[in-house]
2 protein chains.
Amino acid sequence: MNLEDIARRAGVSRSTVSRVINNEPYVNSKTRERVLAIVEAEGFTPNPAARMLVTQRAQVIGVAIPRTLTSVFEATDYFPALLQGVSDGAQERDYATLLWLGHSDQDRDRFYGRILRNRLMDGLIIASATSDLLLNPRLLNTGAIVVTVERPLAYADRVSYVTVDNIKAAEDAVNHLLNLGRRRIGHITGAMDNPDAQDRLAGFQGALQQVGLFNPDLVAEGMFTTQSGYLGMMQILKRGPVDAVFAASDSMAFGALQALREAHLRVPQDVALVGFDDLPHASEATPRLTTIRQPIQQKGYLATRLLLDLIEGKLEGPQQIILPTQLVIRESTGFDVL
Amino acid sequence: MNLEDIARRAGVSRSTVSRVINNEPYVNSKTRERVLAIVEAEGFTPNPAARMLVTQRAQVIGVAIPRTLTSVFEATDYFPALLQGVSDGAQERDYATLLWLGHSDQDRDRFYGRILRNRLMDGLIIASATSDLLLNPRLLNTGAIVVTVERPLAYADRVSYVTVDNIKAAEDAVNHLLNLGRRRIGHITGAMDNPDAQDRLAGFQGALQQVGLFNPDLVAEGMFTTQSGYLGMMQILKRGPVDAVFAASDSMAFGALQALREAHLRVPQDVALVGFDDLPHASEATPRLTTIRQPIQQKGYLATRLLLDLIEGKLEGPQQIILPTQLVIRESTGFDVL
DNA sequence: GGATGATCTGGGAGCGCTCTCAGATTTGCC
DNA sequence: GGCAAATCTGAGAGCGCTCCCAGATCATCC
């Protein structure tokens, strides 16, 4: 079943059917209806490969999530929410979503080669600007349209991205703890090659330095995983007493919670704890976790819309979107807003 | 840059380049090397749309995850692990993975029409055989190649699938609890239109009936989410005392844990608790959760390999793969194997 | 009524590949 | 050496669509 078949049944030409399918003007309304009826009846949809071949458009976007540092999905609930947003955004505009979860360089090369160069995808969402594994000159020079969901470490002037104000968010967390009277505040960072992690540390450090309370001994490097949160907390406890900790992700806060429990420190009485993300688990933990809520799913959704606007020429050049975050105060810092 | 360009540079014909690219025999080894060198140098990869158009093959598989009952990714860590397996399996055989996370019927129709009929995908993994939203005669009659990762509710004789022996797994859980001396054992089911949930209930019921201890009052219907686990546990507690509970997923076990805590019941002293899945969180909870480990990622991986074998004609007709599960005993049933 | 423009329709070319077929060259063997 | 088979190569057709151009039809206005 192809255009020609429909045309024959409708007593018109291939071209006319094509015009109807693509909703172009200059088709007699009677003819249009007749063709549409047959298209409907036959359940006809144009062959995407043929269309792709001539238009050089695939109606497909890619989402790339590198898996170098951590096993993406075991580590955190962050990526699933993001994927949901991307999928919604793409579906809304009738694009399909191609998923790439790569680890090896070989995977990456295949991805570049087979998929990007040949326009199997019209554009790409990169879900972790961590390192230059994906976001590098080689990619950018292909002219590929790319949107990242973090502030890129490099090429920030050439790349479009959607992110949150991590610096301000971290400041909010610290100021909340300061307002509670906490003075020895620790921080478990995310993976430090990640821009989000860097910005959260910068915000943390800045806010404490402003009041002369920054102590580098109370900062431990994590990598966003629960496990690393546990280890980071242990490390901080070894270095000196703390009365509060800001973890750069909820997953790490859960790990920290475990470590504090094992050290027989009460949360929030002895140590107040703030996370980041507001994952579903955060409000279910014991104690329920104070955290910075960031609109993860919306980030994916808006990044996708931005990407499609760039693809379709509705927007130009690098665009940056900064979304707001929100401090959600729960039991782990001593207040229960419910 | 296309076949013809490469051919010109190599002083051969389009056909010969095509043969080299596709690794076909009957090409002089000298010629092959020369062509290969130029392909390499130019970074040439054949246009997938053109190839797709003539071969009717896309080198793309789809993963469909319906989102009717629950918001897939917020509810459970199950799907991410599955996706990882699927992605690995596809990548290994040089296939791309198209992701479909649909909610509405309209989404579904678009999916059927645009994507399936026109072979934008060569085959499909259905990640929740729940209801007939996706797996229905309309789909099967298109001749689409489908593999599900649950035992299908209907058409089980026509569909290939990869699953675990949920009945036996549930029996294992119950027998473990019985061996610990527990006698009043409750169950929080998964979403009851899901075959996994049905089989787990069947196994639970069967094992208890065998020893004359089955009590329907102690069964509450959940839907795999943490929230529903919490509510299910509340409901069971209202109906009568229990000394053990088997939850059909870890997520629900976490919810149940919360409810038990609020009821001032100790786990495992007052109530022993068994989950299902062995998610990463299970071993991090307090107390660490006894659970049935099922190889989720491997399920996705094997389903994908099976799908590709079916697509490529290496295997025939409906194939079923049943993977083993494993009872992992931890603190929540009173033993700590570590 | 005829020139002008807007509206509508069909045919041809071509996107970049694979596949079939036929022809050219080499090899094997009596 | 000669004949058959195996090996190698190129040209042509065609996958199903879009896009361009040319021609046909219709309405508009002096």
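Not measured: the values here are computed from a predicted model. Note on naming: letters A, B, ... go to the chains in the order of the sequence lines (proteins, then strands), and numbering restarts at 1 for each one.
- Taking side-chain N and O atoms only, A:Ser13 has no distance below 4.0 Å to OP1 or OP2 of C:dG11.
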CA sep, side-chain torsions, deciding dist, call: B:Ile126, B:Val149, side chain to side chain contact (heavy atoms under 4.5 Å, CB included)
CA-CA 7 Å; B:Ile126 295 184; B:Val149 289; over 6 Å; no
Once each nucleotide of nucleotides 12-21 of chain D is scored for protein heavy atoms under 4.0 Å, what B/S/- sequence comes out, 5' to 3'?
BB-BBBBBB-
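- Put simply, the side chain of A:Ile6 does not reach to within 4.5 Å of the side chain of A:Arg9, judged on heavy atoms.
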Could you walk me through whether B:Leu306 and B:Ile321 pass the side chain to side chain contact (heavy atoms under 4.5 Å, CB included) test, one step at a time?
CA-CA 9 Å; B:Leu306 172 56; B:Ile321 299 179; 4.2 Å; yes
Might you work through the side chain to side chain contact (heavy atoms under 4.5 Å, CB included) test for A:Ile145 and A:Asp122, ending with a clear yes or no?
CA-CA 7 Å; A:Ile145 301 179; A:Asp122 303 320; over 6 Å; no
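- Straight-line distance from the CG atom of B:Asn23 to the C1' atom of D:dC8: 16 Å, rounded to whole Å.
- The separation between B:Tyr26 atom OH and C:dT20 atom C1' is 15 Å, rounded to whole Å.
- Residues B:Val39 and B:Val20 have side chains not in contact (no heavy-atom distance under 4.5 Å, counting atoms from C-beta outward).
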